[in-house]
Amino acid sequence: MTAHPRPHAAPAQLWLERLVLTNFRNHAATTINVGQQPVVLVGANGSGKTNILEAVSLLSPGQGLRRAPFIDLARAASDGSWALSAKVHTAHGVIDVGTGQTATPETTERTGRIVRLNGEASTSGALADYVEMVWVTPASDGLFTGPASDRRRFLDRLILCFDPAHAKLSSRFERAMQQRNKLLADGVREASRFHGLEVVMAETGTAIAAARNEAITALKIVIEERRARDPNSLFPWSQIALQGALENDLEHRTAIETEDGYLHTLERARERDRAAGRTLDGPHRSDLIVGHGPKTMPAKLCSTGEQKALLMGLVLAHAEMIAARQDGLSPILLLDEVTAHLDEARRAALFAEILRIGSQAWMSGTDLQAFAALIGHATFLRVDDGVVHPFPTKN
């Protein structure tokens, strides 16, 4: 993984100054202007808080924190178009970002979105050169107990912060695997029909596994640094490891040897995979194993509160790792309903960590009192049925 190039010394903070939503979810026309400090969105369930966080997440590559089809982002009463614009302070200076989708007869068939940087047509992938984000949603609470695919997605998003090409690599692997699976399902047995696809899978699969190993190694270093700095942290340190044949092979063999071995595995396993109806070997089968360090206990067996604390510890370590690799530039944090399952002490500790790291964190919740420790240190906004108002607070 290689860090994004920085043309000059990074500023103290990456932050969003202005956000404008037009026909986005339940926001007909919303403009938000804030400073560098954290932002707290308070409102009832369904008021549009998460929609704002989702809009912010679309200032980075990909489909955003909900991973929703872009055609679903338009406000129900609109013509099917939606737009976001933002003024963002980055390592490259202040940039204007615009993204959205225009209503056309073909809109329902489209999956992409329009992206403009400083008024010039661009791509979603180009946003990675400017904006780093880390997010947690209520769905993240099941990270340790849910399917392995959730943990792979968590890990691969971590990698994307340093290597935007990782997404294309993963897409190439998925396409080749899907084509191989189709050949298997169609009863094809000519080796020549499989060989090219399996070569692509071996090359990209090994590269994906190598990137994951590198990411885990880097994350372990930050976790140990956090543990040494605050051994009694309310966000306990995690034991993390990768469980996967390719990842394990790379610990003992060269990349070329691992690639060749995987290619031979795919060749030998065609009939087995045909019977199974899918490819049974590869990086799509790997898992991220997480344990509660102080208790030496698998994370999946911990209490709900302990799991949330472990998750926040991993997220904070992730943010610190990005800052370390990006010349001190802390990522924007998106924390949806972040105070759920955190007691008062852990909430205060989380807010103190956010202020220490220096991230502009966008947080949402239904209870203003849960964010009391941030009064005087954050911008508070009230969200009410797609309308945003300043939320007066007193120190």
Side-chain angles (χ1 to χ4, degrees), residues 12-15 36-40 53 56-57 60 65 131-141 143-144 151 153-155 157-162 215-240 288 290-295 299 302 304-365 370-371 373-374 377-378:
Q13 194 175 18
L14 166 69
W15 61 287
Q36 293 176 268
Q37 60 188 358
V39 179
V40 177
L53 298 187
V56 176
S57 73
S60 65
L65 57 79
V131 181
E132 308 281 4
M133 287 191 194
V134 177
W135 57 66
V136 175
T137 70
S140 305
D141 291 345
L143 181 69
F144 307 127
R151 291 181 289 280
R153 191 176 298 119
F154 175 87
L155 178 59
R157 180 153 186 83
L158 183 155
I159 297 169
L160 282 176
C161 293
F162 312 119
I216 286 296
T217 298
L219 189 58
K220 283 180 177 179
I221 292 172
V222 177
I223 288 172
E224 283 302 312
E225 290 173 348
R226 288 176 55 81
R227 179 185 178 188
R229 183 174 67 235
D230 186 4
N232 299 314
S233 172
L234 293 176
F235 302 107
W237 58 278
S238 299
Q239 296 172 318
I240 57 174
L288 174 65
V290 182
H292 189 298
K295 287 192 171 184
C302 293
T304 301
E306 288 173 330
Q307 289 177 356
K308 187 61 174 276
L310 277 172
L311 174 62
M312 293 312 306
L314 275 177
V315 168
L316 292 168
H318 182 182
E320 287 195 33
M321 186 170 72
I322 292 174
R325 291 201 165 209
Q326 302 297 340
D327 302 323
L329 190 75
S330 298
I332 293 174
L333 297 179
L334 304 179
L335 308 176
D336 192 21
E337 299 293 346
V338 67
T339 58
H341 308 305
L342 293 180
D343 56 29
E344 183 178 358
R346 285 196 172 109
R347 291 199 299 265
L350 171 62
F351 302 149
E353 286 267 21
I354 289 170
L355 295 173
R356 182 187 65 78
I357 293 172
S359 290
Q360 186 193 46
W362 291 65
M363 295 169 277
S364 71
F371 298 93
L374 278 174
H377 303 284

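Between Asp343 and Leu234 there is no side-chain heavy-atom pair separated by less than 4.5 Å. Side chains of Leu310 and Leu143 form no contact here, defined as non-hydrogen atoms less than 4.5 Å apart. You'll find the side chain of Ile223 reaches within 4.5 Å of the side chain of Leu314, heavy atoms only. Residues Met312 and Glu353 are not in side-chain contact: their nearest non-hydrogen atoms beyond the backbone lie 4.5 Å or more apart. Looking at heavy atoms from C-beta onward, Met133 lies out of side-chain contact with Pro331 at the 4.5 angstrom threshold. Gln360 has its side chain out of reach of Leu14: every pair of non-hydrogen atoms, C-beta onward, lies at least 4.5 Å apart. Contact annotation: the side chain of Trp135 never approaches that of Val56 to less than 4.5 Å [non-hydrogen atoms, C-beta and beyond]. With a 4.5 Å cut-off on side-chain heavy atoms, Lys220 and Ile240 count as touching.
Atom CG of Leu219 and atom CZ of Arg226 lie 10.0 Å apart (nearest 0.5 Å). Between the CD1 atom in Ile159 and the CG atom in Leu155 there is a gap of 4.5 Å [rounded to 0.5 Å]. To the nearest 0.5 Å, atom CD of residue Glu337 and atom OG of residue Ser140 are 12.5 Å apart.
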**OP:** Start with the C-alpha gap between Ile216 and Leu158, add the side-chain angles, then the distance that decides, and say whether side-chain contact (heavy atoms from CB on, under 4.5 Å) holds.
**Re:** CA-CA 9 Å; Ile216 286 296; Leu158 183 155; over 6 Å; no
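Residues Leu342 and Arg347 come closest through the heavy atom pair O-NH1, 3.0 Å. For Glu306 against Cys302, the heavy-atom pair with the smallest separation is OE1-CB, 3.4 Å. When all heavy atoms of His341 and Asp141 are compared, the closest pair comes out as CD2-OD2, 3.7 Å. Nearest approach of Arg151 to Leu288, heavy atoms of both residues: CD-O, 3.1 Å. When all heavy atoms of Pro236 and His292 are compared, the closest pair comes out as CG-NE2, 3.6 Å. Nearest heavy atoms, Ala373 versus His377: O-CD2, 3.9 Å.
Side-chain atoms of Ser60 do not come within 3.5 Å of backbone N or O of Glu132 as any donor-acceptor pair. Side chain of Ser57 to main chain of Leu65: a donor-acceptor pair is present (N/O by atom type, distance under 3.5 Å, no hydrogens or angles). The main-chain N or O of Phe235 is found under 3.5 Å from a side-chain atom of Ser233 such that the two form a donor-acceptor pair. Looking at Ser330, its side chain does come within 3.5 Å of a backbone N or O of Ile357 through a donor-acceptor pair.
Between the side chains of Thr137 and Asp336, no donor-acceptor pair is found at a separation under 3.5 Å.
Taking the six-membered ring for Trp and thresholds of 30 and 60 degrees, Phe351 and Phe371 have nearly parallel ring planes, at less than 30 degrees apart.
No option in Leu335, Leu333, Ile332 other than Ile332 meets the side-chain contact (heavy atoms from CB on, under 4.5 Å) test with Trp362.
Using a cutoff of 4.0 Å between basic side-chain nitrogens and carboxylate oxygens, Arg227 and Glu224 are scored as salt-bridged.
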